[in-house]
Amino acid sequence: MQLCGNHIISVEQFNRDFITELFDIAELMRPYANRQKINKVLDGAILGNMFFEPSTRTRVSFGCAFNLLGGFVRETVGFGGTSIAKGESLYDTAKVMSGYSDVIVMRHPEVGSVKEFATASRVPVINGGDGPNEHPSQALLDLFTIQNELTQQQLTLDELKITMVGDLKHGRTVHSLSKLLSHYQNIDFCFVAPEALQLPTSILDQIANAGHRISQTEKLDQGLSHGQVVYQTRIQEERFATREEADKYRGAFRINQHTYAQFCQPTSVIMHPLPRDSRSDANELDNDLNENPHLAIFRQSDNGVLVRMALFAKILGVEKTFQNYELPVTWKNNRQN
Ligand code: CP
């Protein structure tokens with residue numbers, strides 16, 4: 001699959017060979033992400049990092065990934081800091097911003113907005129999340145994490161039993177990851193959600209048509225006992241018409257060390273795209289799991305840097321040459337990896 005110069009809008013662009021190659025490149029990025037070496041292959045290149053919804057991980061890890069390859073980052077955060085607040089269209093914004101950048105990452109609250117922006121852009125655009133629709137780079141880092149965790153248990157992505165829990169209707173990370181997993185063989189999906197927040201039918205049909213098994217339940221204990229991987233999600237309160245509407249579901253599916261010990265398999269991997277909602281009325285993933293060795297949430301967020309570095313290397317055509325641009329680290333490395 002050719003990615004150089006292309007936009008990344010949906011996981012539907014990816015195939016299994018591409019994913020394998022990308023993950024091999026991501027592994028080669030570890031020395032730079034761990035500050036054992038510096039890399040300058042993107043020296044002089046500029047990332048336009050445009051986030052019109054709140055973000056910690058996606059915005060900062062895309063920025064760090066670009067910096068770690070030697071590039072510069074220009075941040076745009078919120079509509080209020082741009083001339084969109086004065087009525088400028090996405091088309092005009094794309095024409096202007098792509099004149100200043102070599103690649104753009106964009107997050108926007110509306111479904112299809114990043115695709116619309118990309119159509120007018122003169123440089124590749126990566127979808128950093130378009131409303132409740134898709135979050136392709138998150139799905140890639142989730143899959144990379146699942147593969148790494150399974151490998152440690154002598155398991156493979158094929159035949160995976162995965163449970164996804166929470167707001168599956170609005171959770172774009174669940175949408176993208178479900179579609180991405182469809183490229184593998186005999187996946188056994190269990191979706192735990194209230195009926196009103198279940199996975200959209202179009203995605204259920206897509207994974208069923210690819211030959212995978214699907215079960216749906218409102219019973220968390222059933223889901224926990226099913227999954228080799230349990231992927232918890234937050235109630236996406238920002239997608240509901242009112243806070244009261246979100247309140248109906250908040251805190252409905254809580255995972256903590258007690259429920260893990262009672263219902264999960266002894267080596268079940270617990271994942272969450274983050275942020276987890278740690279307020280007492282939600283607390284879908286309790287802090288008492290923090291020392292559980294199977295809690296993979298911070299390995300996920302670390303892996304985001306590796307996978308996003310690999311994406312930049314592919315999109316900017318340096319995936320075969322980047323190792324020629326490394327330098328020694330000149331400061332004392334105090335990181336604990
Ligand atoms: N997982 C994720 O998209 O996190 P942020 O919203 O913090 O970017």
Side-chain angles (χ1 to χ4, degrees), residues 8-11 26 33 47-68 73-79 81 103-111 113-114 117 125-146 148-149 162 164-181 229-240 246 250 255 269-279 282-285 289 295-312:
I8 298 178
I9 305 299
S10 165
V11 291
L47 165 66
N49 216 18
M50 303 180 67
F51 278 72
F52 298 115
E53 276 193 326
S55 172
T56 296
R57 277 144 292 276
T58 312
R59 180 173 60 84
V60 179
S61 69
F62 264 121
C64 286
F66 210 74
N67 288 149
L68 286 165
V73 181
R74 290 276 166 206
E75 294 256 336
T76 304
V77 177
F79 290 114
V103 57
I104 291 172
V105 177
M106 185 174 171
R107 172 173 288 186
H108 192 287
E110 286 168 27
V111 173
S113 52
V114 180
F117 180 93
V125 175
I126 302 174
N127 182 0
D130 61 329
N133 186 35
E134 279 235 28
H135 194 345
S137 66
Q138 177 74 42
L140 288 167
L141 77 88
D142 287 340
L143 191 64
F144 181 80
T145 305
I146 293 171
N148 284 355
E149 300 290 321
I162 183 164
M164 299 192 183
V165 184
D167 185 353
L168 310 182
K169 177 182 176 187
H170 303 109
R172 57 192 171 201
T173 70
V174 169
H175 302 170
S176 292
L177 180 59
S178 301
K179 291 194 244 181
L180 202 58
L181 279 167
V229 171
V230 175
Y231 190 96
Q232 174 66 297
T233 64
R234 176 178 65 88
I235 298 297
Q236 309 276 298
E237 124 181 13
E238 63 275 29
R239 310 281 176 227
F240 288 79
R250 208 188 305 277
I255 305 177
V269 178
I270 303 291
M271 297 178 61
H272 191 307
L274 301 181
R276 57 177 157 172
D277 186 343
S278 294
R279 290 170 290 193
N283 203 27
E284 70 263 4
L285 200 56
L289 284 159
L295 185 76
I297 57 175
F298 300 118
R299 294 192 283 278
Q300 272 174 278
S301 55
D302 280 357
N303 288 339
V305 174
L306 302 176
V307 168
R308 288 169 175 140
M309 290 174 81
L311 280 175
F312 285 133

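Residue numbers run from 1 in the order of the sequence given. Every number for a ligand or one of its atoms is a count from 1 in the order of the listing.
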Original post:
Glu134 and Ser10: side-chain donor and acceptor closer than 3.5 Å?
Top reply: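 There is such a pair between these side chains.
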**OP:** Check if His135 has a non-hydrogen atom at a distance under 4.0 Å from any atom of ligand 1.
**Re:**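 It does, in that a heavy atom of His135 comes within the 4.0 Å cut-off of ligand 1.
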Original post:
So which heavy atom in the protein is nearest atom 6 (O) of ligand 1, and how far is it from that ligand atom?
Top reply: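 Heavy-atom neighbour on the protein nearest atom 6 (O) of ligand 1: Arg107 NH1, 2.9 Å.
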**OP:** Please report which non-hydrogen protein atom sits nearest to atom 4 (O) of ligand 1, along with the residue it belongs to and the distance in Å to one decimal place.
**Re:**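 Checking every protein heavy atom, the shortest distance to atom 4 (O) of ligand 1 gives Arg57 NE, 3.0 Å.
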Subject >> Nearest heavy-atom neighbours spanning Met309 and Ala33 >> reply: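 That closest heavy-atom pairing would be SD-CB, 4.4 Å.
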Subject >> For the student: nearest non-hydrogen atoms of Gly166 and Thr233, plus distance >> reply: CA-OG1, 3.5 Å
Original post:
So is Pro275 polar-close to ligand 1, meaning N/O to N/O under 3.5 Å?
Top reply: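 No; every N/O pair is 3.5 Å or more apart.
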**OP:** Looking only at distances, please establish whether an N/O atom of ligand 1 is found under 3.5 Å from an N/O atom of Arg59.
**Re:**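 No.
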**OP:** Anything under 30° is parallel, anything over 60° is perpendicular, the rest tilted; go ahead and classify Phe79 against His108.
**Re:** perpendicular
**OP:** Check Leu274 against ligand 1 and report side chain, backbone, both or neither, counting heavy atoms closer than 4.0 Å.
**Re:**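 Near ligand 1, Leu274 shows its backbone, while the atoms from C-beta on stay back.
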**OP:** Output yes when a side-chain donor or acceptor of Arg308 lies under 3.5 Å from a complementary backbone atom of Phe62, and no otherwise.
**Re:** no
**OP:** Please could you name the atoms of ligand 1 that Thr58 approaches to less than 4.0 Å, counting only its heavy atoms?
**Re:** 2 (C), 3 (O), 4 (O), 5 (P), 8 (O)
